[in-house]
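Heads up, the thing below is written out as structure tokens.
From a predicted model like this one, the values you see are computed outputs, not experimental measurements. Here is how names work: the chains are called A, B, and so on, in the same order as the sequence lines, proteins then strands, and each is numbered from 1.
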2 protein chains.
Amino acid sequence: MKILIIEDEKELRYDMVSYLSQEGFLCESARSFSEAIDKIGVYEYDCYVVDIMLPGGTGLDLVKTIKEQKHQGGIIIVSAKNSIEDKIVGLEIGSDDYLTKPFHLSELNARIKSIIRRRSFNGNNEIQFNEIRVLPDSRQVYINGKEISLTAKEYDLLLFFIANKGRVIPKDSIAEHLWGDYMDQADSFDFIYTHIKNLRRKLVQQGAKDYLNTVYGIGYKFQSE
Amino acid sequence: MKILIIEDEKELRYDMVSYLSQEGFLCESARSFSEAIDKIGVYEYDCYVVDIMLPGGTGLDLVKTIKEQKHQGGIIIVSAKNSIEDKIVGLEIGSDDYLTKPFHLSELNARIKSIIRRRSFNGNNEIQFNEIRVLPDSRQVYINGKEISLTAKEYDLLLFFIANKGRVIPKDSIAEHLWGDYMDQADSFDFIYTHIKNLRRKLVQQGAKDYLNTVYGIGYKFQSE
DNA sequence: CTTCAATTATTAAAATTTTCATAGCGGAAT
DNA sequence: ATTCCGCTATGAAAATTTTAATAATTGAAG
């Protein structure tokens with residue numbers, strides 16, 4: 001899960017990035033309105049943390065831009081003033097939550113997770129990646145309209161890849177995501193190789209292209225070309 | 001996991017109980033110093049949320065009592081005034097965290113989870129239940145000093161039972177704890193029955209008494225007598 | 001005390017996950 | 001280009017988990 005943090009106060013920005021990184025998010029940050037616009041233009045994130053007061057523009061306009069570009073990620077507005085109007089405006093133009101400074105980092109973390117959880121449950125209950133369609137509610141997967149059967153691990157793998165399409169995913173991340181904190185460094189990745197192999201076989205056998213690229217020495221990347 | 005909330009403000013107490021219950025904790029509450037003393041005398045909780053200002057006494061004395069009774073649970077002090085002295089005193093006499101009112105419930109939730117996580121990692125890395133000894137770090141289990149081998153699910157089950165010894169655990173809770181949010185109501189509990197059976201067999205076969213009592217219509221209870 | 005329906009236990013088979021041994025590949029160094 | 005070493009792939013066995021069918025038990029009701 002990738003998060004963009006838009007905040008001009010240096011220390012707070014640094015704290016947020018380091019806390020959220022520890023929690024397992026991939027974080028990028030922007031220091032100003034224009035830097036944020038640039039990043040939003042290049043990449044789509046899973047969640048945006050937007051400060052209202054920014055050099056070069058207001059966070060509310062940023063939210064509008066994110067929405068205009070049809071980004072699907074959640075948006076949390078952060079503001080120093082607990083003004084009820086700001087809150088209302090923020091929620092009206094499409095942010096998902098509103099947080100008043102000062103706040104605890106664990107609070108921000110909880111809200112981000114809550115938004116991501118909410119999104120994956122509600123509304124967004126159908127994911128399409130070229131000829132692959134996934135219905136997360138029922139854990140069903142279709143290729144070119146025909147349902148295929150995946151085991152639990154294969155399904156989890158596939159969803160993780162699609163959720164992170166285009167990104168290189170290190171094997172450690174895969175292990176952590178699918179198996180939790182169990183395994184320490186010493187463990188081998190044999191089981192990942194096996195599940196990857198099985199997933200590849202099933203997908204290709206059922207008519208999908210082979211999107212799953214090996215990134216030597218690192219992990220894998222799920223990508224169209 | 002069972003939590004005792006000691007707070008005299010009715011609305012806040014109600015909010016905390018309802019929020020934390022939704023998060024999967026078993027909650028009890030006390031409205032006053034004396035009620036808290038009573039509950040602490042009867043039962044040992046996994047975490048205590050203690051307000052400083054209470055009718056009949058101070059939360060700091062309550063913390064001392066909890067410690068005197070050798071309770072192992074974590075302690076979070078909650079206070080209206082952000083006095084640094086209170087905080088220091090609180091941490092000195094053995095509380096694990098300090099929270100200033102007003103706070104978000106998700107913040108309290110995060111801190112409780114953090115304390116419980118910390119405790120199960122650090123220090124408390126050996127659990128003894130009569131002739132059964134568990135080393136959570138290495139996931140090893142000994143009976144009368146002899147190591148026995150359990151599968152992942154059997155181990156998780158055993159640890160969950162020991163962590164909740166003496167309590168009746170509904171089958172739903174077991175399913176939720178060991179398998180996450182996967183299964184909806186419609187699912188049967190066949191796999192629980194099977195794992196229970198296997199765990200029982202292994203424990204008894206290796207020389208432990210049968211502590212695992214069936215509670216008809218509800219679930220199970222792990223208990224000495 | 002019986003009967004009955006619902007709940008839990010047991011057993012065995014099926015499916016999945018993990019491990020292990022071995023083969024193939026990538027890329028750096030010679 | 002060749003060699004080599006570490007990384008990844010593959011196939012098959014072993015272990016675990018889940019499912020399914022059947023038996024035993026519980027507690028309520030007659």
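The residue among B/N198 and A/E154 whose nearest nucleotide of DNA chain C lies closer to the 5′ end is B/N198.
Between B/D190 atom CG and D/dT22 atom C1' there is a gap of 11 Å when expressed in whole angstrom units. When rounded to the nearest whole Å, the span between NZ of A/K171 and P of D/dT8 equals 3 Å.
When side chains are defined from C-beta on, B/K39 counts as touching B/Y45, because their heavy atoms get closer than 4.5 Å.
Residue B/R201 is out of contact with every strand shown, counting any heavy-atom pair closer than 4.0 Å. Note on A/K153: only backbone sugar-phosphate atoms sit closer than 4.0 angstrom, heavy atoms only; bases stay farther off. Residue-level contact check: A/Y220 touches the backbone only, with heavy atoms under 4.0 Å from sugar-phosphate atoms and none from bases. Counting non-hydrogen atoms under 4.0 angstrom, A/I218 reaches the backbone sugars and phosphates but no base.
For B/W179, no side-chain nitrogen or oxygen approaches OP1 or OP2 of D/dT17 to under 4.0 Å. Side-chain N/O atoms of B/T214 include none lying less than 4.0 angstrom from OP1 or OP2 on C/dT7.
For B/T194 against C/dT10, no side-chain N or O and base N or O form a donor-acceptor pair under 3.5 Å. Judged by distance alone, with hydrogens and angles left aside, A/Y193 brings no side-chain donor or acceptor close enough to the base of D/dG11 to form a pair under 3.5 Å.
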